[in-house]
Amino acid sequence: MQPQLPLGLIIPERVNLESFCVGGNAAVLDAVTRLSNGQLSQLYLWGNSGTGKTHLLQAVCQQIAEQGKTVAYLPLQELLGYSVDVFSGLELMKLICIDDMDSVASHPDWQEALFNLYNRVSEHGNHILFAARNLPAETGIGLPDLVSRLGWGETYAIQELSDADKLGVLQTRASGQGLELPDETASYLIRRYPRDMVSLMELIEKLDRASLAASRRLTVPFVKQALMLEE
């Protein structure tokens, strides 16, 4: 069974709970695991961009789908150009993962639709996972009843990874793509480029293409040259 995904979105195979770099987020991973096992009915994750919220939501979707259960992943920021009718019937899913909750702050119609969806999910006894950059009361959402519902379950802040953790993630991702990323090169990337994990993963994708095209190792001089050409 595959997760239900809007807009033709595809979740990469490498996105799973095992590939999430825990760092200081052991309690977060435990909560997500309990949700995927049916021990939690609701969970709210919050943290800065690039801390792994989307990774966790998509990973849970993969895991639930592999169990043969129905699941939907909803990236609200990408859905705002569509009708709120995208929520129709989703209460029948065993789990709904809703990303980018902050993005509906200036959209009262979407807030109302999400509130109604929440109530329908509860009535059917199914589960729901939210992710946002901020705590429920700080999302800018103006519908008090929705803000209240967002805080009814367990709430966890996702902590930023240390530089050492980020270096390890970069090297693991590179290795998974058949690349060797020396410590010196990984450290250079972390010092020189945006340090959030989304940007760093994009760098690995670029370097993978450049290394394949040039048949070169990922030395610091080659990386400087390759990324300069990308810019």
Roughly how far, to the nearest 0.5 Å, is [atom2] of [Y] from [atom1] of [X]?
X: Asn119; Y: His124; atom1: CG; atom2: NE2; answer: 12.0 Å
X: Glu154; Y: Leu45; atom1: CD; atom2: CG; answer: 10.5 Å
X: Thr54; Y: Gln77; atom1: OG1; atom2: CD; answer: 9.5 Å
X: Glu91; Y: Ser122; atom1: CD; atom2: OG; answer: 11.0 Å
X: Gln62; Y: Gln67; atom1: CD; atom2: CD; answer: 12.0 Å

Which atoms form the tightest heavy-atom contact between [X] and [Y], and what is the distance?
X: Met101; Y: Phe130; value: SD-CD2, 3.8 Å
X: Lys94; Y: Asn126; value: O-CB, 3.5 Å
X: Ser36; Y: Ile64; value: O-CD1, 3.3 Å
X: Ala31; Y: Leu40; value: O-CD1, 3.5 Å
X: Thr51; Y: Phe20; value: O-CE1, 4.2 Å
X: Phe222; Y: Ala210; value: CZ-O, 3.6 Å

Are [X] and [Y] close enough that some pair of their side-chain heavy atoms sits under 4.5 Å apart?
X: Asn25; Y: Tyr156; value: no
X: Arg173; Y: Gln177; value: yes
X: Trp46; Y: Ile158; value: no
X: Leu90; Y: Met93; value: yes
X: Ile98; Y: Leu129; value: no
X: Arg217; Y: Glu180; value: yes
X: Gln39; Y: Leu35; value: no
X: Leu179; Y: Leu212; value: no

Self-check item: Stepwise side chain to side chain contact (heavy atoms under 4.5 Å, CB included) check, Leu227 with Arg192
Solution: CA-CA 11 Å; Leu227 294 179; Arg192 174 65 176 76; over 6 Å; no
Self-check item: Partners meeting side chain to side chain contact (heavy atoms under 4.5 Å, CB included) with Ser106 (sequence neighbours left out)
Solution: none
Self-check item: Contacts of Asp85 that satisfy side chain to side chain contact (heavy atoms under 4.5 Å, CB included) - sequence neighbours left out
Solution: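 Result, side chain to side chain contact (heavy atoms under 4.5 Å, CB included) vs Asp85: Ser83.
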Quiz prompt | Criterion side-chain hydrogen bond (donor to acceptor under 3.5 Å, both in side chains) on Thr139 and Asn134, from CA distance to verdict | solution = CA-CA 6 Å; Thr139 56; Asn134 302 287; over 6 Å; no
Practice problem: Start with the C-alpha distance between Trp110 and Phe115, add both sets of side-chain angles, then the distance that settles side chain to side chain contact (heavy atoms under 4.5 Å, CB included), and finish with yes or no. | Solution: CA-CA 8 Å; Trp110 282 81; Phe115 175 70; over 6 Å; no
Practice problem: Go through the steps to decide whether Ser162 and Asp165 satisfy the test side-chain hydrogen bond (donor to acceptor under 3.5 Å, both in side chains), and finish with yes or no. | Solution: CA-CA 5 Å; Ser162 67; Asp165 287 332; 3.2 Å; yes
Transitively linked via ILVMFWY side-chain contacts under 4.5 Å: [X] with [Y]?
X: Val86; Y: Leu80; value: yes
X: Met201; Y: Tyr193; value: yes
X: Leu150; Y: Trp152; value: yes
X: Leu143; Y: Leu135; value: yes

Tell me which donor-acceptor pairs under 3.5 Å the side chains of residues 181-190 have, and how far apart each pair is, sequence neighbours excluded?
residue	atom	partner	partner atom	Å
Asp183	OD1	Gln171	NE2	2.6
Thr185	OG1	Leu218	O	2.6
Ser187	OG	Asp183	O	2.9

Practice problem: Please step through side chain to side chain contact (heavy atoms under 4.5 Å, CB included) for the pair Ile96 and Tyr73, ending with a clear verdict. | Solution: CA-CA 6 Å; Ile96 302 174; Tyr73 171 69; over 6 Å; no
Exercise. Please step through salt bridge (Lys or Arg N to Asp or Glu O under 4.0 Å) for the pair Arg133 and Glu138, ending with a clear verdict.
Key: CA-CA 9 Å; Arg133 291 189 300 275; Glu138 299 171 1; over 6 Å; no
Quiz item: Does a sphere of radius 6.0 Å around CZ in Arg34 hold more than 12 heavy atoms from other residues, nucleotides or ligands, not counting ones at 6.0 Å or beyond?
Solution: yes
Donor-acceptor pair, side chain of [X] and main chain of [Y], under 3.5 angstrom:
X: Asp99; Y: Leu74; result: no
X: His127; Y: Gly38; result: no
X: Lys53; Y: Asn48; result: yes
X: Thr33; Y: Leu29; result: yes
X: Ser211; Y: Arg216; result: yes
X: Ser103; Y: Asp100; result: yes
X: Glu123; Y: Tyr118; result: no
X: Asn116; Y: Glu112; result: yes

Self-check item: Residue among Val121, Val71, Leu43, Leu57 satisfying side-chain contact (heavy atoms from CB on, under 4.5 Å) with Leu95
Solution: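 Of the listed residues Val121, Val71, Leu43, Leu57, the side-chain contact (heavy atoms from CB on, under 4.5 Å) partner of Leu95 is Val71.
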Quiz prompt | Pair Leu76-Leu114, side chain to side chain contact (heavy atoms under 4.5 Å, CB included): steps then yes or no | solution = CA-CA 10 Å; Leu76 294 182; Leu114 282 164; 3.8 Å; yes
